[in-house]
> 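Dropping the structure in here first, questions after.
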2 protein chains.
Amino acid sequence: MADSDTRQRILDAAELLFTQYGFEATTLRRITGAAEVNLAAVNYHFGSKEELIRELFRRRLTWLNQQRLQELDRLEAEAGDKPLKPSQILEVFFGVALRMAADTKGGGRAFMRLLGRTYAKPSDFVRGFLAEEYAAVVARFKAALIKALPGVPGEEILWRFHFMLGAMSYAISGTDALHIVAEDALDDDDAEALYARLMSFMLGGLRAPLPALPAKSAKSPRIRKAA
Amino acid sequence: MADSDTRQRILDAAELLFTQYGFEATTLRRITGAAEVNLAAVNYHFGSKEELIRELFRRRLTWLNQQRLQELDRLEAEAGDKPLKPSQILEVFFGVALRMAADTKGGGRAFMRLLGRTYAKPSDFVRGFLAEEYAAVVARFKAALIKALPGVPGEEILWRFHFMLGAMSYAISGTDALHIVAEDALDDDDAEALYARLMSFMLGGLRAPLPALPAKSAKSPRIRKAA
DNA sequence: GTATGATTCAAACAACTGTTTGAAACATAC
DNA sequence: GTATGTTTCAAACAGTTGTTTGAATCATAC
């Protein structure tokens, strides 16, 4: 009974509206209006608008990342000490996310879109939360990828991971943005097709030949690997 | 003088602040404060905050896309009717952007970051402008890519193009976001290294084997296939 | 000099923001 | 029934928002 109906209604309405209009542009009055609760309910149940946002991320993101770690655990256990295939690793990390994004009914889609944007431009007060929530996950997946791709240096993998996050983010905010760019070219694919497309693109990128980096500019020691 | 000093000062300050805090969270008072002009100057010179934003995009984006088309023209003229190499095409489209993004002094960097975010979540009133500004460019590059990659269907190319835009966007807002995820993993590479990394990733993705798409649901208008 | 038009300025505007308040309504225990 | 604690509600709060105003300043022409 800790979660009153009101709490849930607010979270759901907020998720949708934040996705549509962003954090700043979404007012408490619109949220409580859509949720059909009293204006003061947000501050009563969550304390403030910021904490509402944090709670919103918590309930989804924590679950999402637990899921990712859990599936990776299972896979690695199965494989013994043989390295996983890169495709397997990507399928776990992005598969979980895209499956969540495909869930239009439960609001997962709204959340994933919100997440993609927020990750690209974290408001100061979610930044810390994101870092905390992601650190362990990224570390685990980076390690798995390094093991899976012995030819590719860790730094490169991290960058490519980052590029992949970008591709995924755009894939999810997807259809909308594509209409900006291509007048009518696409009917909206279903999630499965998108998943297949994205995955083959990412795998291609991940396994691409290493770039010829410019002569490592004798950049003064950036406290890089400190003593 | 059509362009008073004030106008320019406002645009520069606005570009920086919008990048840092987003459109909604950046107030006219902060802008005019940073630009050291009177508050009323924005409405006097631009009419409204929205038109200031539009003007801001206009002065950069128009130039950027003209540049892209121009370079593509030159390349295609050189090649006669032989198709270009995919790498050449990507180098034009993303090279121009990344060179602009590398320009920290002229404020190009600030703008490109702003653009990446805005593209992912266009405020209603820039959406139309973006579409108009991008339509021709994307059409040209799509055509060039189709010619360069006869094996890949146009729809697939468009999606991959979209994924690449995402990768680029994240690459540019880049270092910030990566610090969320990886505590200190990178000293800031120079733009050239980022360019090389991104390019090899994209080329890998662009040339990846085609995905095995799920049984194509009836393609005709919006109606979903009754599974 | 004066006249004309563009630009700047401080001040005010109405509208909206997140938050607080204190009383009302509700539930659950005794 | 009364008492107790939780939740809702309308109203108000103080602060900020983009925009407007009308007088002051500046530049340039006559």
Side-chain angles (χ1 to χ4, degrees), chain A residues 1-59 114 118 121-129, chain B residues 1-59 114 118 121-129:
Chain A
M1 213 61 114
D3 279 50
S4 70
D5 186 44
T6 307
R7 254 184 89 91
Q8 205 59 32
R9 298 253 294 279
I10 292 176
L11 281 170
D12 292 339
E15 199 165 60
L16 223 80
L17 288 171
F18 282 144
T19 307
Q20 206 149 41
Y21 304 104
F23 292 132
E24 289 94 356
T26 302
T27 74
L28 290 186
R29 281 169 180 80
R30 278 187 93 148
I31 294 173
T32 54
E36 295 181 343
V37 302
N38 186 272
L39 167 62
V42 168
N43 288 277
Y44 176 76
H45 285 280
F46 298 93
S48 69
K49 185 184 181 183
E50 290 200 357
E51 288 191 48
L52 165 63
I53 295 175
R54 259 194 292 266
E55 179 56 32
L56 208 152
F57 274 89
R58 201 169 299 136
R59 75 164 176 169
L114 186 57
T118 308
K121 175 215 161 198
S123 320
D124 310 340
F125 67 95
V126 268
R127 168 171 261 134
F129 180 68
Chain B
M1 267 300 162
D3 278 47
S4 70
D5 186 44
T6 308
R7 253 183 88 92
Q8 204 60 30
R9 298 253 295 278
I10 292 177
L11 281 170
D12 291 339
E15 198 165 58
L16 222 80
L17 288 171
F18 282 143
T19 307
Q20 207 149 42
Y21 305 102
F23 292 133
E24 288 93 355
T26 303
T27 73
L28 290 187
R29 283 170 179 80
R30 279 187 91 148
I31 294 172
T32 53
E36 294 179 345
V37 302
N38 187 273
L39 167 63
V42 168
N43 289 278
Y44 176 77
H45 284 282
F46 297 93
S48 70
K49 187 183 179 183
E50 290 200 358
E51 287 191 47
L52 165 63
I53 294 175
R54 259 193 292 265
E55 178 57 32
L56 209 152
F57 273 88
R58 201 169 300 136
R59 75 164 176 170
L114 185 58
T118 308
K121 174 214 159 197
S123 320
D124 311 340
F125 67 95
V126 266
R127 168 171 260 135
F129 180 68

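Bear in mind that the values here come from a model prediction, so they are computed numbers and not experimental data. Reckoned from all heavy atoms, side chains included, excluding hydrogens, waters and symmetry mates. To find a chain, count down the sequence lines: A is the first, B the second, and so on, and within it residues start at 1.
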> With a 4.5 Å heavy-atom cut-off, do F46(B) and R7(B) have their side chains touching?
yes
> If every non-hydrogen atom of S48(A) is compared with every non-hydrogen atom of N43(A), which pair is closest and at what distance?
CA-OD1, 3.8 Å
> Give the rounded distance in Å between these two atoms: CD of E24(A) and C1' of dT16(D).
14 Å
> Select base, sugar-phosphate, or nothing to describe what T32(A) touches, counting heavy atoms under 4.0 Å on all strands.
nothing
> Nearest-Å distance, CD1 (I31(A)) to P (dG18(C))?
8 Å
> Could you check whether any side-chain heavy atom of T118(A) comes within less than 4.5 Å of a side-chain heavy atom of F57(A), counting everything from C-beta outward?
yes
> Roughly how many Å is it from CG in N43(B) to P in dA10(C), rounded to a whole number?
16 Å
> Among dA12(D), dT8(D), dA12(C), which nucleotide sits nearest the side chain of R29(A)?
dA12(D)
> Hey, which of these two, A40(A) or L28(A), hits DNA chain C nearer its 5' end, going by closest nucleotide?
L28(A)
> Within the structure provided, determine whether I31(B) and L39(B) are in side-chain contact (heavy-atom separation under 4.5 Å).
no
> Take atom CZ of R9(B) and atom P of dT7(C), then tell me their distance rounded to the nearest Å.
15 Å
> Is the distance from OP1 or OP2 of dT8(D) to the nearest side-chain N or O of T6(A) less than 4.0 Å?
yes
> Counting only side-chain heavy atoms from C-beta out, which of dA11(D), dA6(C), dG18(D) sits nearest to K49(B)?
dG18(D)
> Nearest to the side chain of Y44(B) - dG18(D), dA6(C), dT19(D)?
dA6(C)
> Just the rounded figure in Å: distance from P of dC9(D) to CD of E36(A).
11 Å
> Can a side chain N or O of N38(B) be found less than 4.0 Å away from OP1 or OP2 on dT7(C)?
no
> Taking only side-chain N and O atoms of H45(B), does any of them lie within less than 4.0 angstrom of OP1 or OP2 on dA6(C)?
no
> When the distance from CG of L39(B) to C1' of dT8(C) is rounded to whole Å, what number comes out?
12 Å
> So, are R58(B) and E55(B) salt-bridged, with charged N and O less than 4.0 Å apart?
yes
> Between F46(B) (CZ) and dG18(D) (C1'), how many Å, whole number?
15 Å
> Return the value, rounded to whole Å, for the distance between atom CG of D5(B) and atom C1' of dA27(D).
15 Å
